[in-house]
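Report on the structure given below.
Residue numbering restarts at 1 for every chain, and letters A, B, ... go by the order of the sequence lines. Side chains are part of it too, since the values below use all heavy atoms of this structure and drop only hydrogens, waters and symmetry mates. Everything numeric in this text was worked out from a predicted model, so none of it was measured.
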Protein chains: 2
Amino acid sequence: MKYIDKLRNSGLRPTKQRLQICEVLFNTERTFHFTINELEKKIKDKIDSKISLATIYNTVHAFEKKGYLKQIPVNSNQTYFDTNTTNHHHFYNLKDGKLIDLENSDVGPINIKRKIDGKKIKSIEVLVKLED
Amino acid sequence: MKYIDKLRNSGLRPTKQRLQICEVLFNTERTFHFTINELEKKIKDKIDSKISLATIYNTVHAFEKKGYLKQIPVNSNQTYFDTNTTNHHHFYNLKDGKLIDLENSDVGPINIKRKIDGKKIKSIEVLVKLED
DNA sequence: AATCAGTTTATAATGGTTCTAAACAACTGT
DNA sequence: ACAGTTGTTTAGAACCATTATAAACTGATT
């Protein structure tokens with residue numbers, strides 16, 4: 001199957017739950033943003049069996065660690081994730097808490113001129129907050 | 001006093017607690033980043049009387065609403081604030097959760113070319129995550 | 001001084017996330 | 001195929017930052 005190898009190659013056992021979550025997360029036309037809460041709802045809608053909330057947390061964190069998901073830094077009580085793991089940035093609509101992708105061509109290259117000794121840059125993320 | 005007018009002009013009553021918090025936040029050589037937890041400790045160290053945690057939350061939110069503090073978008077279970085409210089960006093050290101200011105000259109101007117109908121840009125924030 | 005509105009406070013409630021430990025399922029070697 | 005091992009799932013409890021509550025208090029106004 002599609003995701004079994006992906007999981008095995010990452011050292012993750014391809015369990016039924018993980019494969020189902022893969023379907024919801026990655027078998028889509030477009031990438032999307034989600035909170036755990038929203039993902040839980042999506043899973044409930046898409047499959048008839050039930051996956052424990054703890055498993056959803058575990059899986060999302062495992063996938064993030066393997067680089068299949070990215071956390072998006074926003075000020076919210078909930079953590080936002082992105083199935084689009086390429087370098088890109090976001091609008092954040094303060095009114096409804098929704099994120100919108102910004103193409104790199106919409107922002108232009110960002111050049112960090114300063115260096116911190118002994119550290120390397122893991123990611124550069126731009127958040128553009130929107131209000132009415 | 002120094003902060004009485006500042007508070008009055010913002011429609012905030014200059015209470016003993018707010019003035020004390022002003023001292024801790026604004027009567028400093030340099031601006032700094034903090035979580036509520038860290039601020040609570042700082043207040044305890046600096047003053048002998050005690051300020052309720054609820055008041056610290058209330059005050060920080062009131063100050064943020066008035067533009068005297070800024071929230072910094074990071075992925076953390078705690079909310080980070082900045083006493084530097086000018087436009088600038090941050091390094092985020094994933095190892096210890098500490099923030100480092102990035103001067104605008106270290107990043108260069110960021111030009112958001114895309115517009116969202118009916119929305120205006122409230123802020124543009126760059127977060128550069130650091131790892132070893 | 002009296003009144004009113006805003007503020008502080010201790011405490012409870014909330015809610016997202018993590019922990020626990022027992023049941024279960026996938027892998028390994030035979 | 002089987003047994004043993006290790007990784008995974010699960011429900012529920014625990015955790016902890018934050019917010020709500022509502023009573024006491026304080027600053028401003030008259």
(message) At a heavy-atom distance below 4.0 Å, which nucleotide of DNA chain C is the first touched by chain B, and which is the last?
(response) C:dA5 to C:dA10
(request) Might you work through the salt bridge (charged side-chain N to carboxylate O under 4.0 Å, His left out) test for B:Lys119 and A:Asp132, ending with a clear yes or no? (result) CA-CA 5 Å; B:Lys119 292 284 174 186; A:Asp132 294 310; 2.7 Å; yes
(request) Check the distance between D:dT10's P and A:Arg18's CZ and give it to me in whole angstrom. (result) 11 Å
(request) Please state how far atom NZ in A:Lys65 lies from atom P in D:dG7, giving the value in whole angstrom units. (result) 13 Å
(message) Let me confirm one number: the CG-CG distance from A:Leu130 to A:Asn93, rounded to the nearest 0.5 Å.
(response) 6.0 Å
(request) For the pair B:Tyr68 and B:Phe63, name the ring-plane relationship: parallel under 30°, tilted 30 to 60°, perpendicular over 60°. (result) perpendicular
(request) In plain terms, say whether B:Glu38 and B:Lys44 are close enough for a salt bridge, that is, a side-chain N and a carboxylate O under 4.0 Å apart. (result) no
(message) Please determine whether the number of non-hydrogen atoms from other residues, nucleotides or ligands lying under 6.0 Å from atom NZ of B:Lys95 exceeds 12.
(response) no
(request) Whole angstrom is fine here: how far is it from CD in B:Glu38 over to P in D:dA17? (result) 11 Å
(message) For a quick check under 3.5 Å, do A:Asp101 and A:His33 share a side-chain donor-acceptor pair by atom type?
(response) yes
(request) Could you check whether the rings of A:His90 and A:His88 sit parallel, tilted or perpendicular, using 30° and 60° as the cut-offs? (result) perpendicular
(message) Roughly what angle, to 10°, lies between the helix axis at the start of the helix from C:dA1-D:dT30 to C:dT30-D:dA1 and the one at its end, five pairs per end?
(response) 30°
(message) Nearest whole Å is fine: how far is D:dA17 P from B:Gln71 CD?
(response) 16 Å
(message) When you compare the side chains of B:Lys70 and B:Asn84, does any donor N or O come within less than 3.5 Å of an acceptor on the partner?
(response) no
(request) Mind calculating the distance between CG (B:Asn9) and P (D:dA28) to the nearest angstrom? (result) 13 Å
(request) Write down the distance between OH (B:Tyr57) and C1' (D:dA20), rounded to a whole number of angstrom. (result) 13 Å
(request) Pick base, sugar-phosphate or nothing for A:Thr35, based on heavy-atom distances below 4.0 Å to the nucleic acid. (result) nothing
(message) Quick check on DNA chain D: between B:Phe81 and B:Lys16, whose nearest nucleotide comes earlier from the 5' end?
(response) B:Phe81
(message) Looking only at the side chain of A:Arg13 (C-beta and beyond, no hydrogens), which of the listed nucleotides D:dA17, D:dT9, D:dT8 gets closest?
(response) D:dT8
(message) Under a plain distance cut-off of 3.5 Å, with no hydrogens placed, do A:Ser105 and A:Glu103 share a side-chain donor-acceptor pair?
(response) no
(request) Look at the side-chain N and O atoms of A:Thr55 and state whether any lies under 4.0 Å from the OP1 or OP2 oxygen of D:dT10. (result) yes
(request) Would you give the length of the straight line joining atom CG of B:Asn75 to atom OH of B:Tyr80, rounded to the nearest 0.5 angstrom? (result) 11.0 Å
(message) Just the rounded figure in Å: distance from C1' of D:dT18 to CD of B:Glu40.
(response) 12 Å
(message) Do A:Ser49 and A:Gln17 pair up side chain to side chain, a donor and an acceptor below 3.5 Å, judged on atom types alone?
(response) no
(message) With nearest nucleotide decided by heavy atoms, which residue, B:Asn77 or A:Thr59, maps closer to the 5′ end of DNA chain D?
(response) A:Thr59
(message) Rounded to whole Å, how long is the line connecting atom CD of B:Gln78 with atom C1' of D:dC15?
(response) 13 Å
(message) Which residues in residues 42-54 of chain A have a heavy atom closer than 4.0 Å to any atom of DNA chain D?
(response) A:Lys50, A:Ile51, A:Ser52, A:Ala54
(request) Could you check A:Lys6 against A:Glu23 for salt bridge (charged side-chain N to carboxylate O under 4.0 Å, His left out), going step by step and ending with a plain yes or no? (result) CA-CA 12 Å; A:Lys6 178 174 181 164; A:Glu23 287 294 328; over 6 Å; no
